[in-house]
Amino acid sequence: MVVLKKIHRLSKNVEEYMNITEDVHRIVEESGVRNGHVAVLTAHTTTGIMVNEALSCVETDISEMLKARGLHVLSLIHISEPTRPRLIS
């Protein structure tokens, strides 16, 4: 049996951590599946999925690591410029 469910989340900041553990647990419980695997996928190119303890100190450590490497402030053209249709061939 395959069960497909979606969890929709919209971020409000450039860098944001969202704990979806309870959502995933609820979906598995409601599915009735007792044995198997759970796959969590993201449909957007600028998101990431991290499996870790949901501790604020871990999130702070990750944010500080990104800042130390200069990865927290990226010039994202698709955010700063309005979308214009274009044909690429």
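Just so we're clear, the structure is a prediction, and the values are computed from it rather than from any experiment.
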Same apolar cluster: Ile62 and Leu55, side chain cutoff 4.5 Å: yes

Nearest-0.5 Å distance that lies between atom CG in Asn19 and atom CZ in Arg9: 8.0 Å

Common cluster, Leu66/Val58, ILVMFWY with side-chain heavy-atom separation under 4.5 Å: yes

Nearest non-hydrogen partners of Ser11 and Met18, listed with the distance: CA-CE, 3.4 Å

Distance in Å, Leu4 CG paired with Leu41 CG, rounded so as to fall on 0.5 Å steps: 9.5 Å

Same apolar cluster (I L V M F W Y, side chains within < 4.5 Å links), Val3/Ile7: no

Interatomic spacing from CE in Met50 to CD in Glu59 - rounded to 0.5 Å: 6.5 Å

Minimum-distance pair of heavy atoms, taken over all atoms of Met1 and Val33: CE-CG2, 3.6 Å

Shared hydrophobic cluster for Ile49 and Val38 (ILVMFWY, side-chain gaps under 4.5 Å): yes

Spacing of CD belonging to Glu30 relative to NE2 belonging to His25, to within rounding of 0.5 Å: 13.0 Å

Heavy-atom neighbours of Asn13 CG exceed 12 at 6.0 Å: yes

Salt-bridge present (Glu64, Lys67; N to O < 4.0 Å): yes

